[in-house]
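Remember, predicted model here, so these are calculated numbers, not experimental data. Residue numbers count from 1 along this sequence.
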Amino acid sequence: MKLSRKNKLLFLGIVLALIICYRFAIANTIAYYNEYESQKELINNNLNNSDLFENLIQREKQLNKVLDQYNTVSGESFQNDLLKHITRLSEKHKLKIVDFKEPHSYAEENNNIKTYTFSLEGSFNGTLLLISNLENMPSLGFVKHINFTKKRNYKNNTNYLVTEIMLQKTETAQNK
């Protein structure tokens, strides 16, 4: 059986394609896998290190002290404080508070998470400025969700924007 010139070129092309695949794909995959294994082994070795564990506990205490500074210490409830801030900001940006719903709260591990939902009516730019101001006050929590709804007033034949904002506040549960 004789190999023709076309079969020889086909065989050479397949071998060349396999070499190129190995160089560009398979060799890199093997190198990344070896690096992954070495990093995994390094992490496992460091988890058993007690000095590292003590260092992490010390860092956690420092971070908790910094985070406690952001908690509101006023005598009134957080919900009233939040409503005061929103009212002040809405007057500043010419917005109208349409709805302020009862907060939804749930416990997760050793944290109490409360979600405050309120609705504003007004301009898009004013709403964005209010949201930006809320995000820059870490003591109030963070904005979890924003829903813009364009509604139509058929009596006046005008459109207006209603924005529903969900603000989430996480508090550490106090062990009593």
Side-chain angles (χ1 to χ4, degrees), residues 35-36 39-176:
E35 183 180 344
Y36 166 74
Q39 293 292 330
K40 188 176 177 182
E41 184 178 318
L42 182 66
I43 288 173
N44 287 335
N45 289 340
N46 283 337
L47 286 179
N48 296 330
N49 190 354
S50 64
D51 293 336
L52 180 67
F53 186 68
E54 292 294 327
N55 190 10
L56 289 174
I57 290 174
Q58 199 173 38
R59 279 188 187 174
E60 182 184 17
K61 289 179 183 177
Q62 290 174 348
L63 289 174
N64 284 339
K65 285 180 184 177
V66 170
L67 289 175
D68 286 341
Q69 293 174 355
Y70 288 118
N71 288 342
T72 55
V73 190
S74 62
E76 53 197 40
S77 72
F78 176 76
Q79 188 172 355
N80 286 339
D81 192 33
L82 176 64
L83 191 56
K84 282 181 184 178
H85 282 291
I86 293 171
T87 304
R88 182 179 50 81
L89 290 172
S90 64
E91 289 172 356
K92 179 180 175 184
H93 301 298
K94 298 177 182 154
L95 299 170
K96 183 172 126 181
I97 300 174
V98 178
D99 189 17
F100 194 89
K101 296 180 182 171
E102 188 71 25
H104 175 263
S105 62
Y106 63 96
E108 185 177 277
E109 292 180 8
N110 54 348
N111 293 326
N112 293 330
I113 300 172
K114 288 191 177 183
T115 305
Y116 299 90
T117 305
F118 56 94
S119 298
L120 301 171
E121 183 179 311
S123 71
F124 181 74
N125 290 336
T127 305
L128 286 182
L129 289 171
L130 182 130
I131 292 169
S132 174
N133 286 331
L134 287 176
E135 286 178 336
N136 289 330
M137 293 182 201
S139 63
L140 296 179
F142 64 95
V143 176
K144 185 72 174 174
H145 177 74
I146 304 168
N147 183 23
F148 293 101
T149 307
K150 182 180 174 182
K151 293 192 176 182
R152 182 153 185 89
N153 185 350
Y154 291 103
K155 288 182 182 180
N156 299 338
N157 199 22
T158 58
N159 294 325
Y160 60 96
L161 183 69
V162 175
T163 307
E164 185 178 44
I165 301 170
M166 290 184 171
L167 194 71
Q168 195 172 67
K169 172 78 172 170
T170 305
E171 297 172 341
T172 305
Q174 300 296 328
N175 295 333
K176 294 182 179 179

Here the pair of heavy atoms bringing S119 nearest to V162 is CB-CG1, 4.4 Å
Please confirm whether the backbone N or O of L128 pairs with a side-chain atom of S132, one donor and one acceptor, at under 3.5 Å? no
Can you name the residues that form a side chain to side chain donor-acceptor pair (under 3.5 Å) with K101, not counting sequence neighbours? E164
Would one find more than 12 heavy atoms of other residues, nucleotides or ligands at under 6.0 Å from atom CZ of R59? no
Any chance you could measure D99, atom CG, to T117, atom OG1, to the nearest 0.5 Å? 9.0 Å
Below 4.5 Å, heavy atoms only, C-beta onward: do L82 and F100 meet side chain to side chain? yes
Around atom OH of Y36, are there more than 12 heavy atoms from other residues, nucleotides or ligands closer than 6.0 Å? no
Are side-chain heavy atoms of N147 and T163 found at a separation under 4.5 Å? no
Which value, rounded to the nearest 0.5 Å, describes the distance between E171 atom CD and I113 atom CD1? 10.5 Å
How many angstroms lie between atom CG of L56 and atom CD of E54, to the nearest 0.5 angstrom? 9.5 Å
Calculate, to the nearest 0.5 Å, the distance between atoms CD and CD belonging to Q39 and E41 respectively. 10.5 Å
Can you name the nearest heavy-atom pair linking L140 to F78, along with the distance? O-CZ, 3.3 Å
Roughly how far, to the nearest 0.5 Å, is CD1 of I146 from CG of L167? 10.0 Å
Y116 vs I165 side-chain heavy atoms within contact, under 4.5 Å: no
K169 side-chain N/O to S139 backbone N/O, donor-acceptor pair under 3.5 Å: yes
To the nearest 0.5 Å, tell me how far L83 CG sits from S77 OG. 9.0 Å
Exactly one of T127, I131, N125, N133 clears side-chain contact (heavy atoms from CB on, under 4.5 Å) with H93, and that residue is N133
Quick one: are L89 and M137 in side-chain contact, heavy atoms under 4.5 Å? yes
